[in-house]
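Along the sequence shown, residues carry numbers from 1.
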Amino acid sequence: MNEAERPSAGLVRAVTRWELVGLGINDVVGSGVYLLPAAAAALLGATSLLAVILAGLAVALLVLCFAEASSYFDEPGGGYLYTREAFGRFIGFEVGWMTWLARVASVASLSNGFALATGFLWPAASAEFWARALVITVPLALLTWINVVGVKAGARTAVGLVIAKMLPLAIFVVVGLFFMNWDQVFAFETPRPGVLGETALLLLFAYAGFENTPAAAGEYRDPKRNVPFALLVMILIITATYTAVQAVALGTLPGLAQAESPLAEAAARFMGGAGAMLMTIGAMISIEGNVGNTTLIGPRYLFALAEDGYGPKALARVHPKYHTPALAIITQSSVSLVLALSGSFVQLAMLSVIARLATYIGTAAAVPVLRKRFRDRTDAVRLPGGPIIPILALLLCLVFLSSTTRYNLIAGAIALVVGVVIYQFRREGTAHRVV
């Protein structure tokens, strides 16, 4: 076994195949599914249903690239690992650094979103600082503790949250099917000029999050087989769920495009106040599911970077009792908490657009390189069509990149420059093989 294949010392392979599927779903399905129907309808009307399906197929190209890349490795790092092994330390570090920043911003913004959602049940949570701080801090502290004491506990919590978040959506779809106006669903129209770029970004990031599933591969059972399986099953389930939810929302809520809480408002029409309450609670669980998943997965980027000499060496330590990167987990949660409470998470959140695209572009470009390097690996996933799928995935990323705002590009450029500075202080003597 070469250095690139060696699992990190001290980590325990405890996460099973179907727990991995749950982790993948948990990281994609968040607050976005509760807001996507109205946002997509505002841009495309009923044509948004086709757009949701096409977006799922397009993102599947990226998922396939991650599936092949992940089949070559069994250590943590995800896109950072793939790009490091394909293109060297510097490119790998920049991808890992940007991806971790996106994880921090995600926890901070989701935590604030949870406080806003809680405000519907407890108005003080969105109106008074002490209540908001309490609602943000307690769940984050609990999820941090769960993930520190063991990856198995974190994975099981994530799976439980997946079930809890998917159940309200399933009820919404199954009950809503009996109250649909199908004319509203199929009232397709030609999209207005100028909205396609915005729609593309909206739908991309509704499906985003799948890239984090491989990051903790050092703690998965048989990751070379199970990570690709989980990624492919996840994108099928997510696409089917988003399509069904969009169809029911279109068919049951006239004026969907103007709705502030589209699923709650639609559910209230055919299930009454209990339906609206169910969807509100579902949104809150969905948000915390995302926070829990990011608290599990995000620190593995930090851990992998520290193992390779970037940042304090203590971040690469594995807890002797719990066998988790405990300090990396606590560090990420602490930074996220500060940002969430201060409100500065808004500026950092702009980086997530560029950060995710950096990971997607790096991984898609790495696939042909890794395929050539590991051409003797008979058990690896091999995408059909040679380089066609990675090339199509790269072209897709360029379309998304061209749709980002000038502020996104500036924020991304600043983060990359900060990454260059951090890279200069890399510690030497790390174990990983590099190109």
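The CH2 atom of Trp145 sits 7.5 Å away from atom CG of Leu142, with the distance rounded to the nearest 0.5 Å. Note that the OG atom of Ser111 and the CG atom of Leu341 stand 8.5 Å from one another [nearest 0.5 Å]. Here Leu62 contributes atom CG and Ile389 contributes atom CD1; the two are 11.0 Å apart, rounded to the nearest 0.5 Å. One finds the CG atom of Leu110 at 9.0 Å from the OG atom of Ser286 (value rounded to the nearest 0.5 Å). To the nearest 0.5 Å, atom OG of residue Ser48 and atom CG of residue Leu43 are 9.0 Å apart. The distance from the CG atom of Leu81 to the CG atom of Leu305 is 11.0 Å, given to the nearest 0.5 Å.
When all heavy atoms of Leu315 and Leu302 are compared, the closest pair comes out as CD1-CG, 4.0 Å. Nearest heavy atom pair, residue Leu396 against residue Ala58, reads CD2-O, 3.3 Å. Contact between Thr363 and Thr83 at its shortest, heavy atoms only, is N-CG2, 3.9 Å. Heavy atoms only, all atoms of each residue included: Leu232 and Ile235 are closest at O-CG2, 3.2 Å. Listed here is the closest heavy atom pair of Arg371 and Gly386: NH1-O, 2.8 Å. Nearest heavy-atom pair, Gln246 versus Pro37, reported as atom, atom and distance to 0.1 Å: OE1-CA, 3.0 Å.
With contacts defined as side-chain heavy-atom distances shorter than 4.5 Å, the pair Leu20/Phe229 does not qualify. Looking at heavy atoms from C-beta onward, Asn290 lies out of side-chain contact with Ser106 at the 4.5 angstrom threshold. Residues Val95 and Tyr82 have side chains not in contact (no heavy-atom distance under 4.5 Å, counting atoms from C-beta outward). Between Tyr360 and Phe66 there is a side-chain heavy-atom pair separated by less than 4.5 Å. Considering only heavy atoms from C-beta on, Val381 stays 4.5 Å or farther from Tyr72 through its side chain. Between Asn212 and Asn293, every side-chain heavy-atom pair lies at or beyond the 4.5 Å cut-off. Under the 4.5 Å side-chain criterion, counting only non-hydrogen atoms from C-beta, Met284 is in contact with Thr118. With a 4.5 Å cut-off on side-chain heavy atoms, Leu357 and Met98 do not count as touching.
Within the 3.5 Å criterion, the main-chain N or O of Ala102 finds no donor-acceptor partner in the side chain of Arg356. Under the 3.5 Å distance criterion, the side-chain polar atoms of Thr294 are left unmatched by any main-chain donor or acceptor of Val291. Between the side chain of Lys165 and the backbone N or O of Val29, at least one donor-acceptor pair lies under 3.5 Å. Glu68 places a side-chain N or O within 3.5 Å of a backbone atom of Leu383 that can act as its donor or acceptor partner. The main-chain N or O of Arg221 is found under 3.5 Å from a side-chain atom of Asn226 such that the two form a donor-acceptor pair. Here the side chain of Gln424 pairs a donor or acceptor atom with the backbone of Val420 at under 3.5 angstrom. A donor-acceptor pair is defined here as one N or O able to donate and one able to accept, closer than 3.5 Å; such a pair exists between the side chain of Asn26 and the backbone of Gly289. No donor-acceptor pair closer than 3.5 Å links the side chain of Trp97 to the backbone N or O of Tyr423. A donor-acceptor contact shorter than 3.5 Å is absent between the side chain of Thr404 and the backbone of Phe400. A donor-acceptor contact shorter than 3.5 Å is absent between the side chain of Gln332 and the backbone of Ala328.
Shown here is Arg225, whose CZ atom has no more than 12 heavy atoms of other residues, nucleotides or ligands within 6.0 Å.
There is a side-chain donor-acceptor pair under 3.5 Å between Arg132 and Asn112. For the residue pair Thr144/Thr295, the side-chain donor-acceptor check at 3.5 Å is not satisfied.
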Check your understanding: Going through the distances and angles, do Ile329 and Arg300 end up as a side-chain contact (heavy atoms from CB on, under 4.5 Å)?
Key -> CA-CA 8 Å; Ile329 295 171; Arg300 272 64 183 182; 3.8 Å; yes
Exercise for review: Could you please spell out the steps behind the side-chain contact (heavy atoms from CB on, under 4.5 Å) verdict for Leu23 and Leu296?
Suggested key: CA-CA 9 Å; Leu23 287 173; Leu296 188 157; 4.1 Å; yes
Point to revise | CA sep, side-chain torsions, deciding dist, call: Glu265, Met279, side-chain contact (heavy atoms from CB on, under 4.5 Å) | key: CA-CA 9 Å; Glu265 292 178 32; Met279 302 315 294; over 6 Å; no
Exercise for review: Please step through ring-ring contact (aromatic ring centres under 6.0 Å, His included) for the pair Phe93 and Phe87, ending with a clear verdict.
Suggested key: CA-CA 10 Å; Phe93 169 76; Phe87 305 118; over 10 Å; no
Practice item. Check the pair Phe425 / Tyr310 against ring-ring contact (aromatic ring centres under 6.0 Å, His included), numbers first and verdict last. Key: CA-CA 7 Å; Phe425 294 94; Tyr310 308 108; over 10 Å; no
Practice item. Verify side chain to side chain donor-acceptor pair (under 3.5 Å) between Thr99 and Glu211, making sure each step is shown before the conclusion. Key: CA-CA 9 Å; Thr99 305; Glu211 70 277 6; over 6 Å; no
Exercise for review: Would you sort out whether Glu288 and Phe114 count as a side-chain contact (heavy atoms from CB on, under 4.5 Å), showing the intermediate values?
Suggested key: CA-CA 7 Å; Glu288 285 308 308; Phe114 181 74; 3.1 Å; yes
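Figure legend: Arg377 and Phe374 shown as a cation-pi pair, the cationic atom lying under 6.0 angstrom from the six-membered ring centre and within 45 degrees of its axis. The cationic atom of Arg84 (NZ for Lys, CZ for Arg) lies less than 6.0 Å from the six-membered ring centre of Tyr80 and within 45° of the ring axis.
Proximity of the aromatic rings of Tyr207 and Tyr242 is defined here by a centroid distance below 6.0 angstrom, and this criterion is met.
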